[in-house]
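Okay, so here's the structure we're looking at.
We use all heavy atoms of the structure for the numbers below, so side chains are in, but hydrogens, waters and symmetry mates are not. Residue numbers count from 1 along this sequence.
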Amino acid sequence: MILRLDGQGWSLGSVEAGHCPAATKAAVKCALEVAPEFDSTQIIVSMLGDFVVLEGFVRCHGDDELAVDVAASIVGPAHVHNRLICRGFPKRPS
């Protein structure tokens, strides 16, 4: 998770902090790639204005919510559009 603070210690999302779309997209892609909870190789991250759009496939139900949570930790929950499709495969044993 990337935490940005304003001058008074308040947390800012990437969009609120004024970062360019390319930097925001790269931050979300990197955060998804290092998330140990799920496979993000079939997730496409794009920007639509100030919104992060997650498209593609995840292995099972719940992984889409994890991916949205990762993206929301960077840009805020109001700036994430979830277009992920769950394939419905069972989770791999840990």
Side-chain angles (χ1 to χ4, degrees):
M1 175 167 83
I2 299 172
L3 182 63
R4 294 174 179 84
L5 302 176
D6 65 5
Q8 299 168 350
W10 293 97
S11 175
L12 293 175
S14 183
V15 174
E16 294 167 333
H19 295 275
C20 72
T24 302
K25 178 180 171 181
V28 172
K29 285 177 74 170
C30 288
L32 288 171
E33 288 172 5
V34 300
E37 297 91 8
F38 61 94
D39 177 19
S40 66
T41 57
Q42 295 186 8
I43 297 176
I44 299 167
V45 178
S46 58
M47 295 295 296
L48 183 61
D50 289 342
F51 295 91
V52 171
V53 180
L54 302 177
E55 298 176 289
F57 300 95
V58 291
R59 185 168 179 81
C60 59
H61 183 68
D63 285 355
D64 59 335
E65 294 169 5
L66 289 171
V68 169
D69 289 344
V70 169
S73 72
I74 296 171
V75 297
H79 292 280
V80 179
H81 286 294
N82 178 8
R83 295 182 182 166
L84 295 170
I85 297 171
C86 301
R87 293 191 182 228
F89 295 117
K91 278 217 181 254
R92 289 182 226 157
S94 302

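- Here the closest heavy-atom approach between residue Ile74 and residue Ala27 is recorded as CD1-O, 3.4 Å.
- Between the side chain of Asp64 and the backbone N or O of Gly62 there is at least one donor-acceptor pair closer than 3.5 Å.
- With values rounded to the nearest 0.5 angstrom, Asp69 atom CG is found 11.5 Å from Asp63 atom CG.
- Note that the NE2 atom of His61 and the CG atom of Leu84 stand 12.0 Å from one another [nearest 0.5 Å].
- Counting Ile, Leu, Val, Met, Phe, Trp and Tyr side chains that sit under 4.5 Å apart, directly or through other members, Val34 stands alone, with no cluster partners.
- Separating the OG1 atom in Thr41 from the CG atom in Leu32 is a distance of 11.0 Å, to the nearest 0.5 Å.
- Looking at residues two or more places apart in sequence or on another chain, you find a side chain to side chain donor-acceptor pair (under 3.5 Å) between Gln42 and Arg87.
- Side-chain contact between Lys29 and Val45: present, with at least one pair of heavy atoms (C-beta onward) separated by less than 4.5 Å.
- Annotation: side chain to side chain contact (heavy atoms under 4.5 Å, CB included) contacts of Val80 (sequence neighbours excluded): Leu54, Val68, Ala71, Ala72, Val75.
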Begin with the C-alpha distance, continue with both residues' side-chain angles, and end with the deciding distance and a verdict on side chain to side chain contact (heavy atoms under 4.5 Å, CB included) for Val52 and Met47.
CA-CA 5 Å; Val52 171; Met47 295 295 296; 3.6 Å; yes
